[in-house]
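Just so it is clear: chains get the letters A, B, ... in the order the sequence lines come, proteins before strands, and each one is counted from 1.
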Number of protein chains: 4
Amino acid sequence: MPPIVSEEYKRQKKKEILNSALACFAKKGFQAATIDDIVAHSSISKGAIYNYFKSKEEIYLELMNEQTNETNELLTEKINSFQTATERLLYLFDLYISIDPFDPDRKETIVVHYEFRLHSSRDENLRLLLQERGNRFFIDFVTKIVEQGVKTGEFKKDINPIMVANLFWTIIDGATVQAVLYKEYPYQNILECMKGMVMDTLLETKS
Amino acid sequence: MPPIVSEEYKRQKKKEILNSALACFAKKGFQAATIDDIVAHSSISKGAIYNYFKSKEEIYLELMNEQTNETNELLTEKINSFQTATERLLYLFDLYISIDPFDPDRKETIVVHYEFRLHSSRDENLRLLLQERGNRFFIDFVTKIVEQGVKTGEFKKDINPIMVANLFWTIIDGATVQAVLYKEYPYQNILECMKGMVMDTLLETKS
Amino acid sequence: MPPIVSEEYKRQKKKEILNSALACFAKKGFQAATIDDIVAHSSISKGAIYNYFKSKEEIYLELMNEQTNETNELLTEKINSFQTATERLLYLFDLYISIDPFDPDRKETIVVHYEFRLHSSRDENLRLLLQERGNRFFIDFVTKIVEQGVKTGEFKKDINPIMVANLFWTIIDGATVQAVLYKEYPYQNILECMKGMVMDTLLETKS
Amino acid sequence: MPPIVSEEYKRQKKKEILNSALACFAKKGFQAATIDDIVAHSSISKGAIYNYFKSKEEIYLELMNEQTNETNELLTEKINSFQTATERLLYLFDLYISIDPFDPDRKETIVVHYEFRLHSSRDENLRLLLQERGNRFFIDFVTKIVEQGVKTGEFKKDINPIMVANLFWTIIDGATVQAVLYKEYPYQNILECMKGMVMDTLLETKS
DNA sequence: TATGAATGAGTGTTCATTCAT
DNA sequence: CATGAATGAACACTCATTCAT
């Protein structure tokens with residue numbers, strides 16, 4: 001029996017389910033959100049949801065995977081429109097500075113995201129998967145930019161690109177977590193300040 | 001007839017329950033860990049647990065509260081043995097540098113801790129409580145040290161103490177989260193590096 | 001696609017649950033009867049029961065509500081086939097005389113019914129609900145008949161209809177309770193006797 | 001080892017427990033009231049309570065037994081100060097008329113009492129016990145008075161004493177139950193009215 | 001006897017998952 | 001494929017009863 005509905009239809013349906021699931025997980029957390037919540041939010045029947053995903057866990061996983069992909073794409077998409085390592089790094093900083101982590105919806109999404117990452121620390125398979133497609137990717141991504149900067153002479157010779165990459169993500173994660181937990185956190189200011197410090201460290205200072 | 005068991009006995013029992021609960025929450029997360037898990041781990045009967053705590057939630061809260069208190073004490077305890085702001089700030093950095101976030105038990109505890117903080121973002125009352133006893137305390141703590149440094153002339157005059165405090169905790173949180181999620185994260189190195197950058201920024205540079 | 005099962009099916013299922021619940025409550029009392037008892041008696045799964053009722057309490061309430069409705073209907077149904085107040089009042093007496101409170105099933109139902117009414121005395125909301133749909137209805141019902149009898153001259157002019165109505169239900173409740181608790185209670189005789197006394201009091205005696 | 005405390009002490013302690021138990025059962029009902037409620041109300045320890053009663057059920061039974069005894073005594077106590085059957089019957093009516101079933105404490109006690117009687121209908125042994133010491137006693141008590149009245153010629157010759165006795169308790173139970181469940185119930189009026197009707201029926205009417 | 005901490009079977013309720021229609 | 005009723009294994013929590021002190 002050949003497929004009755006188009007692949008496009010299925011992809012669309014899956015997307016709808018994932019969107020509703022994200023909204024529900026964001027509002028209540030993965031464990032507390034129920035399949036019925038997703039049914040109510042999406043107006044897709046319980047049976048239908050189980051036609052597309054084999055468990056609640058799978059929805060969660062696919063959702064997080066999707067989010068990672070989107071972030072990956074977001075990062076890579078525009079980076080090539082910048083030529084120098086300096087521009088590229090500044091672009092990355094500004095990208096995160098431009099995010100408003102205090103926006104309620106954004107905030108909830110961030111919380112789910114970090115909950116997921118913490119959750120993954122309890123499941124070795126999951127952790128390795130995330131490491132591969134998450135942490136490693138992000139570290140590599142910045143590492144390459146810094147390596148480029150060192151090679152082109154934009155950045156100091158004795159810079160350790162990997163260390164800078166880790167520094168970058170430490171700052172981003174730290175600032176994001178703080179912002180989500182602490183209303184008065186000066187997110188933009190801190191990132192600007194960090195940006196300054198990091199760039200100062202990287203750039204050859206003229207004497 | 002005086003109490004059947006001493007206050008000390010009760011405190012001990014409570015502590016046992018909290019320890020087991022922490023182990024269980026660490027292993028599975030708050031939601032997934034069951035009271036029966038705690039029973040199995042502690043060899044204390046279910047009824048007994050409910051004699052000491054009125055709900056699973058209360059165990060969680062008390063556990064986190066205890067952890068916050070301990071951290072508060074840890075920070076304040078030795079700080080007065082240092083006189084200058086510089087020494088004090090270095091002590092704080094070194095305190096966190098000396099922690100091994102890769103130690104399995106420590107790691108699990110850290111995960112529970114961050115999960116709790118994320119969880120609190122969905123409960124306004126809890127969030128306010130944590131803000132008061134957590135975030136605010138930590139920010140104030142570092143702010144005061146920096147203010148002292150500015151006043152004594154150790155640090156530059158144009159330093160914004162609140163911003164530095166936020167910077168400090170951004171770095172600590174960022175590094176801790178990374179370490180917990182990413183095995184190859186160079187925790188110590190990053191903190192040393194950050195320590196250098198922050199101190200450089202604060203200290204009057206000799207010309 | 002229309003509903004998976006018909007409304008009729010659902011109504012039937014609800015009825016089954018209520019029937020089993022009544023049997024269980026009758027046998028053990030509301031508090032002592034467990035949801036598992038109802039599951040065992042009805043062969044309907046626990047989950048299914050909770051699809052139709054949101055709590056054990058709700059089953060109880062709906063059961064009692066249903067019983068009240070049925071009694072209300074029973075009373076009102078045939079009353080209009082009688083014209084005079086005398087006939088109507090006699091019909092009411094005879095209706096209750098014709099009930100056999102010693103029949104085991106009937107007896108159990110009566111016990112649950114009175115337990116529910118007593119139970120309601122501890123819950124103000126429930127008490128008011130019952131007052132409205134129960135006591136008040138029954139009192140009014142008889143009051144109107146007696147008022148009619150007074151107006152048409154069937155009954156003495158100085159009769160207080162409300163008092164007679166209360167008298168009527170006092171007798172019915174008293175006899176029902178006695179019958180349920182005391183095997184040798186001469187239910188029919190007592191009601192016949194009461195009927196005589198009440199009618200004598202109401203009717204104009206010829207001199 | 002001879003008893004360390006006097007019998008009197010024990011009796012007193014038991015009484016205290018029973019009093020607290022009655023208060024608790026009255027407020028919440030037998031099933032809902034917990035041993036801890038009784039502990040809190042009586043300030044007697046849980047262990048001590050179990051020294052005097054072997055179960056919650058036993059407390060209930062003894063309480064109800066005690067109540068029955070007290071009622072029995074109340075009825076028999078003053079009855080002999082009246083000579084004629086008429087006076088005695090009037091005394092009984094007036095005794096119940098003088099009770100205020102709307103008084104909150106009294107009301108709660110009445111509710112427990114009827115709950116107990118209904119509860120007993122599910123336990124054959126209990127039912128028989130109550131029948132013997134309760135229903136039968138009360139019926140006999142009134143029957144004898146009426147028999148006396150018939151013998152002395154105070155009452156009509158064709159009166160059936162047993163029927164009158166049942167009539168009497170039907171009225172008392174009916175009025176009490178109504179009063180407890182229905183705030184606007186004209187308890188005193190109804191009993192006065194019933195008293196009149198019953199006495200009219202019993203007494204030789206002068207032509 | 002008095003105490004109250006400990007016990008654990010039992011309770012109402014939830015919810016991920018299945019499957020007949 | 002879609003539906004949502006059915007399932008039942010869990011789960012948090014209660015409470016009568018026991019027993020070491």
Side-chain angles (χ1 to χ4, degrees), chain A residues 1 3-6 9-10 13 31-39 43-59, chain B residues 1-6 9-10 13-14 31-39 43-59, chain C residues 1-6 9-10 13-14 31-39 43-59, chain D residues 1 3-6 9-10 13 31-39 43-59:
Chain A
M1 194 165 38
I4 289 174
V5 301
S6 70
Y9 174 87
K10 286 206 225 165
K13 203 92 185 197
Q31 305 251 21
T34 69
I35 296 289
D36 279 314
D37 287 333
I38 302 176
V39 168
S43 305
I44 293 174
S45 79
K46 215 182 285 196
I49 291 175
Y50 275 88
N51 280 340
Y52 292 95
F53 300 93
K54 72 175 207 293
S55 69
K56 186 180 155 190
E57 177 92 9
E58 202 190 71
I59 299 178
Chain B
M1 217 179 305
I4 275 208
V5 299
S6 67
Y9 173 89
K10 285 203 218 166
K13 200 92 187 196
K14 247 186 136 161
Q31 306 246 27
T34 70
I35 295 289
D36 279 317
D37 288 334
I38 302 176
V39 168
S43 303
I44 292 173
S45 76
K46 205 183 288 199
I49 291 176
Y50 278 92
N51 282 343
Y52 291 92
F53 299 93
K54 70 179 207 296
S55 68
K56 185 181 155 189
E57 177 92 8
E58 202 190 71
I59 299 178
Chain C
M1 218 178 303
I4 275 206
V5 299
S6 67
Y9 173 88
K10 286 204 218 165
K13 201 91 186 197
K14 248 185 137 162
Q31 307 246 26
T34 70
I35 295 289
D36 279 318
D37 288 334
I38 302 176
V39 168
S43 303
I44 292 174
S45 78
K46 209 184 283 205
I49 291 175
Y50 277 91
N51 281 343
Y52 291 92
F53 300 94
K54 71 179 207 296
S55 68
K56 186 180 156 190
E57 178 90 7
E58 203 190 71
I59 299 177
Chain D
M1 193 164 39
I4 289 176
V5 301
S6 70
Y9 175 87
K10 287 206 223 165
K13 203 93 184 199
Q31 305 251 20
T34 69
I35 296 289
D36 279 315
D37 288 334
I38 301 176
V39 168
S43 304
I44 293 172
S45 79
K46 215 183 286 199
I49 291 175
Y50 275 89
N51 280 341
Y52 293 96
F53 299 93
K54 73 177 209 295
S55 70
K56 186 180 156 189
E57 177 92 9
E58 203 190 72
I59 299 178

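Within 4.0 Å (heavy atoms only), Phe53(D) reaches no atom of the nucleic acid at all. Within 4.0 Å of Ala33(C), counting heavy atoms only, lie sugar-phosphate atoms of the nucleic acid but no base atom. Residue contacts shown for Lys13(B) are limited to sugar-phosphate atoms, with no base heavy atom under 4.0 Å away. Across all strands shown, Lys46(A) has heavy atoms under 4.0 Å from base atoms, whether or not it also approaches the sugar-phosphate. Across all strands, Thr34(C) comes closer than 4.0 Å only to sugar-phosphate atoms, never to a base (heavy-atom distances).
Checking the phosphate oxygens (OP1, OP2) of dA2(E), a side-chain nitrogen or oxygen of Tyr9(D) falls inside 4.0 Å. Between Asn51(A) and dA2(F) there is a side-chain N or O to OP1 or OP2 distance below 4.0 Å. In this model, the phosphate group of dT3(F) is not approached by any side-chain N or O of Tyr50(A) to a distance below 4.0 Å at OP1 or OP2. One finds a side-chain N or O of Ser45(A) lying less than 4.0 angstrom from the OP1 or OP2 phosphate oxygen of dT3(F).
For the atom pair Gln31(A) CD and Gln31(B) CD, the distance stands at 5.0 Å (nearest 0.5 Å). We find the CD1-CD1 distance between Ile59(C) and Ile38(C) to be 4.5 Å, quoted to the nearest 0.5 Å.
Between Ile44(C) and Ser55(B), the residue whose closest nucleotide on DNA chain F is further toward the 5' end is Ile44(C).
Here Glu58(D) pairs with Phe53(D), Lys54(D), Ser55(D) under the side chain to side chain contact (heavy atoms under 4.5 Å, CB included) rule; sequence neighbours left out. For Asp37(A), the side chain to side chain contact (heavy atoms under 4.5 Å, CB included) test picks out Cys24(A), Lys28(A), Ala33(A), Thr34(A), with sequence neighbours left out. Checked against side chain to side chain donor-acceptor pair (under 3.5 Å), Asp36(B) has the following partners two or more places apart in sequence or in another chain: Lys46(B). With sequence neighbours left out, Lys56(A) forms a side chain to side chain donor-acceptor pair (under 3.5 Å) with no residue at all. Not counting sequence neighbours, the partners of Lys14(B) by the salt bridge (charged side-chain N to carboxylate O under 4.0 Å, His left out) test are Glu62(B).
Summarising the geometry, the separation between NZ on Lys56(D) and P on dT18(F) is reported as 15 Å, rounded to the nearest angstrom. Nucleotide dG10(E) holds its P atom 12 Å from the CG atom of Asp37(C), rounded to whole Å. Rounding to whole angstrom units, CD1 of residue Ile38(D) and P of dC15(F) are separated by 13 Å.
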Encoded 5' to 3' (Watson-Crick or G-U under 3.5 Å; [ ] crossing; | other strand), DNA chain F becomes .||||||||||||||||||||

